[in-house]
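Here's the structure, in C-alpha cells; my notes come after.
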Number of protein chains: 2
Amino acid sequence: MPATIRDVARASGVHISTVSRTFSAPHLVNPETRVRVLACAEDLGYRPNRAARALITGRTHNIGLIVADIANPFFPPLIKAAEGQARHRDYHVFVADTNEDPAAEEELVHALAKQVDGVLLCSPRMSNSLIEQVSREVPVVVINRQVAGLPCVMMDVGQGARAAIEHLLGLGHRRIALLGGPRGSWTNREMRRVAAAAVRAGGAELTLLGPNQPTETGGGALAEQVRRSGVTAVLAYNDLMAIGLIEGLDSLGLRVPQDVSVIGVDDIALSRLTRPKLTTVATPTAAAGRTAVDMLLQHDSDAPRGARGRGAVAGDRRTTAQVMLQTELVVRDSTGPVPPPGRDVAGA
Amino acid sequence: MPATIRDVARASGVHISTVSRTFSAPHLVNPETRVRVLACAEDLGYRPNRAARALITGRTHNIGLIVADIANPFFPPLIKAAEGQARHRDYHVFVADTNEDPAAEEELVHALAKQVDGVLLCSPRMSNSLIEQVSREVPVVVINRQVAGLPCVMMDVGQGARAAIEHLLGLGHRRIALLGGPRGSWTNREMRRVAAAAVRAGGAELTLLGPNQPTETGGGALAEQVRRSGVTAVLAYNDLMAIGLIEGLDSLGLRVPQDVSVIGVDDIALSRLTRPKLTTVATPTAAAGRTAVDMLLQHDSDAPRGARGRGAVAGDRRTTAQVMLQTELVVRDSTGPVPPPGRDVAGA
DNA sequence: CGATGTGCTGCAAAGGTTTGCAGCCGAAGA
DNA sequence: TCTTCGGCTGCAAACCTTTGCAGCACATCG
C-alpha cells in the first residue's frame, strides 16, 4: 500500500537512484528533475522506509533513553527536552524504564543496542565497569554520573550540596542529616562527599541516613529516624524524598521549618506547590537532556560507514567531552533559623 | 563488527535459514541442531537485526505513543505502563510530546507512521475527522476519547464528574464552577455534559470557566474569576489545575475547604502531597496504558503479511472494541460543607 | 577537430533477514 | 522392493534503499 521509491521513480520517469538523491543529496540532481520528483513524491505520499535505509547505512536514526523511573518527576522534563532535541535532528527516541533495577538496566541497554545509534544512560544504577562494557557495544552518553573515558553530562550536585549546607550553617544549624538516595547513584556519592566536607568545615555534625528509595514513601519512612537523631536540618537526596519527609514529620507533630529545616534537590515543579514551598537545589534537567543528545549525535555522525565499518569502537581519538552543568540553590519556605534550644522537641 | 545471522550459520555449520528458523519457528528445527545454533548465537552475542527483519516482514516491532505533555504528571504512569506492557511483548515504544499543539500532533503521527506498527494517541487534541484520516495510514488506538469506528480506551470521567458533583451537592453546595480544560479535549466535553446534567438534577447552578491550559498556572490564573463568581465549590479539569487554583485562592485569602471546596481529576501522586490533600476523581491511567497496548497489538498481529499485503486498511471486519475504564471518587481534605452564608467572603 | 571537463543520470551491488519451495534421508506401509 | 510420507534443511527471491562507478550529452579550451 505505501508508496515506495520505485513508485515515485515510475511516476516521475526517472531511475530510483535519482529519487534517492533528490532526498539525500539534492545538489546532485537537476533542479527541474528535482521539482518533478518532489511533486510526485508529495503526490503519492511517499516517505522513505527507514528500515531499508537503516539496513544499508547502518544508522537507524533512533536513540535510546534509559531512565530509572519515568514516574519520578525529575525525569519527564529531561525526556521531553531530549525528545525535542532529537526530533529536531530527525531522530526518534525510545524511552525505557528500569524501575530502579540495575539488572533491568543492563538487559534493556542490550536489547536496545542493535536498534539504536546510541543510548543515553540517565542516572544509571549499574556499576562503572558494566557501563564501560556496554559502551563497547553501542555509543553511550552518561547523564548524572562520571565515568572515565566516556562522554558524560553531569549536574554539579556537589556544589549544590555545598551551597545547601552553607545556607543551613548560616541559619545556625549545627546538627544536620543527609538523606541518602538509592545504592549505586553517583549523585548520591557526590552529595555525601561534598556535604561531609562542608559540614566539617563549618564545625558542625552530619548524620547519614540511607540508602533509601528516592520517593516520597522513602522520605516519609525516615521521619521517625530524623526525629530520633535530634538534627535540626535535613538535606535530602531529592525533592520527592524531602516532600515525603515533611509529610512524615508533620504527622509526628514536627513542623517545617519551625522545628526542622528541609532542603531537597532537583527543583521539580511540585516543589513550588507544596506547603511549605520547598527550598531546593535546582538542577538543569532540560539542558542536560539537550546536551546529551547533542553529544551523542555529534559523536556518531562521523564514525559509521556502511554497516560493515568498524563502528564506534576502540581506537578513536575523539575527545570524549565531560560536561558539568551548574546548579543553583533556590531558597523558599522549608528552611529557617535553628529553633531555640528550649523549643527543641526533637528528642521528645 | 556485530555478529550477523551468517556468522552464526558458519559457526554452527548450518544454513542461515536454519538459524533464522531457530528463532522464529523453533519447532521446525531439530532439537540437536537447535541447541547448537543457540549456543553459537549466544557465543557470538548475536541479536537479529530488527531493521532487516522489519524490511521483509513489514513489522517494525515498534509502537508510537503520542502524548500532549510528558511533563504533565498524568502521563508518566500511563507511559510507564504502556512501555512495560510493550516490552513484555517484545515491542519498543517511541514517546513523542506535542506540547498540547494539535498541529504538532498531526505532524508527529505522520512522521511516526512508517516507523511503527501502530500508534497510541493519548488525549488527542486534534479533530475526530483528522484522527480517522490518520487511522487509514497507520493502526491507531485512541486513549481518552471516543471516535466512532476506532478502538478506544476511555476512562469514565463522566461518571467521575457525576460522583464529584453529587458529593458536593451532598455537602450542601448549590453554586458550583467547572474549570474547563484545553480546547479539543474529549474529557473536557464529557465532564461538562455530565456535570451540567448532575447539577441541574440537584437543583443547583453551574458556572463554566474555560477553556484553559491544563496546568497549575492555568488553574492559578482562575482564582480571581472563581472568587468573583461567588461559587462555593469547584470541579477542575484535572489535579494540576485544582492545585494551582488552591494556591491562587490562598493568595487571595480564600481557604480550602473552609471557604471553597475543590475537586480535581486524575489522582496524580502529587494530589496526596499537597495541603490540603486533594479530593479527586481517580483515573486508572496505568490500566489504560496496558489496555491500549494490548488492543493495538492484538489488533495488528493478524493483518500484515509481507509488506506488500493490503495492510491494516479499510474493509476489515474486526470488531473495534471500545473499552470504558471505571473511575472512582477519592475524598480527601479539599472538600467540606458549604460555608454558612454570613461567612461567605467570596463576594467581598 | 580532439581532448578535457562538468553536470546529470542510470546501473547494479550490497545490506541482514524471512519464507515458499524443493530436496534429502530414513522409516513405515504395501 | 517400491511408494509415500514426515521431519528436517538448503536454496534463492524478496523487502527498499543507498552509493560507487560508469556513461552520456554538452561545453570549453587548445
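Only this structure's heavy atoms are used, side chains among them; waters, hydrogens and symmetry mates stay out. A, B, ... follow the sequence lines: proteins, then strands. Residue 1 opens every chain.
We find that CD1 of A:Ile16 is positioned 7 Å from C1' of D:dT17, with the value rounded to whole Å. Between the CG atom of A:Leu28 and the P atom of C:dT9 there is a distance of 10 Å, given to the nearest Å. The CD1-P distance, from B:Ile5 to C:dT17, rounds to 5 Å in whole Å. Distance CZ (B:Arg21) to P (D:dC8): 12 Å, rounded to an integer number of Å. One can place NE2 of A:His27 at 10 Å from P of C:dC8, the figure rounded to the nearest angstrom. To the nearest angstrom, P of C:dT18 lies 8 Å from CD1 of B:Ile56. Rounded to whole Å, the distance from CG on B:Leu55 to C1' on D:dC15 is 4 Å. Distance, B:Arg10 CZ to C:dG16 C1': 13 Å, rounded to whole Å.
Between A:Ser20 and D:dT18 there is a side-chain polar atom (N or O) within less than 4.0 angstrom of OP1 or OP2. One finds no side-chain N or O of B:Thr57 lying less than 4.0 angstrom from the OP1 or OP2 phosphate oxygen of C:dT18. The shortest distance between the side-chain N/O atoms of A:Thr4 and the OP1/OP2 oxygens of D:dC15 is not below 4.0 Å. Regarding contacts with the backbone of D:dC8, every side-chain N or O of B:Thr18 stays at 4.0 angstrom or more from both OP1 and OP2.
Of all nucleotides listed (C:dG16, D:dC11, C:dC8), C:dC8 comes nearest to the side chain of A:Pro31. Ranking C:dG10, C:dT17, C:dT9 by closeness to the A:Asn30 side chain, first place goes to C:dT9.
In terms of position on DNA chain C, the residue among A:Val29 and B:Pro48 whose nearest nucleotide sits closer to the 5' end is A:Val29. Residue-to-nucleotide proximity on DNA chain D shows that, of A:Arg47 and B:His15, the 5′-proximal contact is made by B:His15.
Aromatic ring pairs are classed by plane angle as parallel below 30°, tilted from 30° to 60° and perpendicular above 60°; the pair B:Phe94 and A:Phe94 is parallel.
Heavy atoms of B:Val14 sit under 4.0 angstrom from primed sugar atoms or phosphate atoms, though from no base atom. Residue-level contact check: B:Thr33 touches the backbone only, with heavy atoms under 4.0 Å from sugar-phosphate atoms and none from bases. A:Phe23 comes within 4.0 angstrom of no nucleic acid atom, judged by non-hydrogen atoms across all strands.
The line from CD of A:Glu100 to CG of A:Asp97 is 9.0 Å long, rounded to the nearest 0.5 Å. Note: A:Leu78 CG to A:Ile70 CD1 = 12.0 Å, rounded to the nearest 0.5 Å.
Under 4.0 Å is where a charged nitrogen must lie from a carboxylate oxygen, and between B:Arg87 and B:Glu83 at least one such pair does.
A donor and an acceptor atom, one from each side chain of B:Tyr46 and B:Arg6, are nowhere located under 3.5 Å apart. Neither side chain, A:Arg50 nor A:Asn62, offers a donor N or O lying under 3.5 Å from an acceptor on the other.
Remark: the B:Arg50 side chain and the C:dG16 base include no donor-acceptor N/O pair separated by less than 3.5 Å. Looking at A:Arg53, its side chain has no donor and acceptor atom pair within 3.5 Å of the base of C:dG15.
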